[in-house]
Amino acid sequence: MRIGLLFNGQGSQKAGMGQDLYDNLPTFKSKIDQASEILGYDLVEVFNDEDKIGQTKWAQPAIVAFDAALAACLVEAGVRPVVAGLGLSLGEYPALVANGMMTFEQAIALVKDRGEYMQTVGDANPGKMVAVLDDNQEMIVETVQKLQNEGLAVYPANFNTFAQLVIGGKEADVDQAVEALTAAGVKKMIPLPVSGAFHTPLLKEAADKMATRFADEKFAQATYPVYSNTTKQVFTVASLKDTLTKQIVSPTYFAQCLDEMVKDNKVDALLEIGPGVTLSKFARKIVSKEITRYSVTDWTTFEKVVSAVKEEG
């Protein structure tokens, strides 16, 4: 079995996540306790706080700690061989921990600051994001670009599948884009429950701060490739800082990256790690249905998936 890992990003979090893993897996508990020390607050308390877990500055470290700790537990339980990895936006941090380019401690410290930067800038520059469900993505991009040329702040933000593209920007401008796309024949669009326009130029100040934050960081060579949502290429030590900085204001290309990861590495099983299952749902619409899909979100699915993967060999 050739496994490709998928790591949840922001939006996958929910109150109560991780408690059963914390209670049943010593390595998970150890990693979460370590993250709490780095962050200066009790991460388990954040996991169980419905208000905090919905806020960027709390959610980002919580998700990265959850994903990275769970990935370590899966390796400890004998889940191998992993041949490639892919995270959705924030999920690139635990993916880079899993492949050895970044340490767990480093990722937690970096994301603590990243979350705070993005929360502050997002609050100061509130925006809106809408999922556009249509397979004519060329038309969607052209419509958005036409509005940009007219001076509107609206942008393609997330190419999640080949039939789902999220747009974001200033609220009034996104609303105008929705009107234009409706007139162009798009039938279904869904506003997303976010306060900021992530992966758009509205977050430039946060990206600038992150560039400074990365200045003195060192990274290691990878044990297997992790694909960047931003560049659609494999992360390298030389490109990592610049790529993760641009990530904040650039579109994500999850669909294209997943397609490439599977083909390049002959992946025959996908294992999603994190509190949600959205990426597995995306994968069903992107890659062959012959590729086995697993999701580990809690203690029950951890036991089930570890058993299933070992049986498959």
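Keep in mind the model is a prediction, meaning the values are calculated, not measured.
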Please indicate whether [X] has more than 12 foreign heavy atoms, meaning atoms of other residues, nucleotides or ligands, lying under 6.0 Å from its [atom1].
X: Lys128; atom1: NZ; result: yes
X: Lys241; atom1: NZ; result: yes
X: Glu150; atom1: CD; result: yes

For residues [X] and [Y]: do they belong to one hydrophobic cluster (side chain heavy atoms under 4.5 Å, members Ile, Leu, Val, Met, Phe, Trp, Tyr)?
X: Val75; Y: Val83; answer: no
X: Val277; Y: Ile53; answer: no
X: Leu6; Y: Ile63; answer: no
X: Leu192; Y: Phe159; answer: no
X: Tyr227; Y: Ile291; answer: yes

Measure across [X] and [Y] and return the closest heavy-atom pair with its distance rounded to 0.1 Å.
X: Val305; Y: Ser295; answer: CG2-O, 3.7 Å
X: Asn8; Y: Gly274; answer: OD1-C, 3.2 Å
X: Ile286; Y: Phe162; answer: CG2-CE1, 3.8 Å
X: Pro61; Y: Val111; answer: N-CG1, 3.6 Å
X: Val141; Y: Pro156; answer: CG2-CG, 4.4 Å
X: Asn24; Y: Asp20; answer: ND2-O, 2.8 Å

Under a 3.5 Å threshold, yes or no: a donor from one side chain and an acceptor from the other, between [X] and [Y]?
X: Asp208; Y: Tyr117; answer: no
X: Gln19; Y: Asn48; answer: yes
X: Asp298; Y: Thr301; answer: yes
X: Gln10; Y: Thr56; answer: yes
X: Thr243; Y: Ser228; answer: no
X: Tyr224; Y: Asn265; answer: no

Listed partners of Glu217 passing salt bridge (charged side-chain N to carboxylate O under 4.0 Å, His left out), at least two apart: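 In terms of salt bridge (charged side-chain N to carboxylate O under 4.0 Å, His left out), with neighbours along the sequence ignored, Glu217 is linked to Arg213.
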Is the shortest heavy-atom distance from the side chain of [X] to the side chain of [Y] under 4.5 Å?
X: Tyr93; Y: Val97; answer: no
X: Glu76; Y: Leu25; answer: no
X: Val186; Y: Met139; answer: yes
X: Phe254; Y: Asn158; answer: no
X: Thr182; Y: Met189; answer: yes
X: Met210; Y: Leu110; answer: yes
X: Arg114; Y: Leu244; answer: no
X: Arg80; Y: Met1; answer: no

When you measure from the side chain of [X] to the backbone N and O of [Y], does any donor-acceptor pair fall under 3.5 Å?
X: Gln13; Y: Ala59; answer: no
X: Ser36; Y: Ile32; answer: yes
X: Asn99; Y: Met101; answer: yes
X: Thr120; Y: Glu116; answer: yes
X: Glu92; Y: Gly9; answer: no
X: Asn229; Y: Cys257; answer: no
X: His199; Y: Ser250; answer: yes
X: Ser307; Y: Lys304; answer: no
X: Thr200; Y: Leu202; answer: yes

How far does [atom1] of [X] sit from [atom2] of [Y], to the nearest 0.5 angstrom?
X: Arg284; Y: Leu270; atom1: CZ; atom2: CG; value: 13.0 Å
X: Met17; Y: Leu70; atom1: CE; atom2: CG; value: 11.0 Å
X: Asp173; Y: Leu152; atom1: CG; atom2: CG; value: 4.0 Å
X: Phe7; Y: Ser89; atom1: CZ; atom2: OG; value: 14.5 Å
X: Asp42; Y: Phe47; atom1: CG; atom2: CZ; value: 9.5 Å
X: Leu165; Y: Asn160; atom1: CG; atom2: CG; value: 8.0 Å

For Met118 and Leu203: C-alpha separation, side-chain torsions, deciding distance, then whether side chain to side chain contact (heavy atoms under 4.5 Å, CB included) applies. CA-CA 7 Å; Met118 290 178 69; Leu203 273 290; 4.3 Å; yes
Does the pair Glu272 and Leu88 meet the rule for a side chain to side chain contact (heavy atoms under 4.5 Å, CB included), with working shown? CA-CA 11 Å; Glu272 180 176 11; Leu88 180 58; over 6 Å; no
Classify the ring geometry between Trp58 and Tyr41 as parallel (under 30°), tilted (30 to 60°) or perpendicular (over 60°).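 Rings of Trp58 and Tyr41: perpendicular, as their planes differ by over 60°.
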Evaluation steps, side chain to side chain contact (heavy atoms under 4.5 Å, CB included), between Phe302 and Leu74: CA-CA 8 Å; Phe302 178 87; Leu74 287 163; 3.6 Å; yes
Here's one to test your reading of the geometry: is the NZ or CZ of Lys232 within 45 degrees of the ring axis of Tyr253 and under 6.0 Å from its centre?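 Cation-pi check for Lys232 and Tyr253: passes.
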Output yes when Glu142 and Lys146 qualify as a salt bridge under the 4.0 Å nitrogen-oxygen rule, no when they do not.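 Lys146 and Glu142: not salt-bridged.
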Out of Leu181, Val154, Asn136, Ile167, which residue meets the side-chain contact (heavy atoms from CB on, under 4.5 Å) rule with Thr143?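 With Thr143 as partner, Leu181, Val154, Asn136, Ile167 yield a single side-chain contact (heavy atoms from CB on, under 4.5 Å), made by Leu181.
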Would you please test Ile108 and Gln34 for side chain to side chain contact (heavy atoms under 4.5 Å, CB included) and show each step? CA-CA 10 Å; Ile108 298 300; Gln34 184 182 9; over 6 Å; no
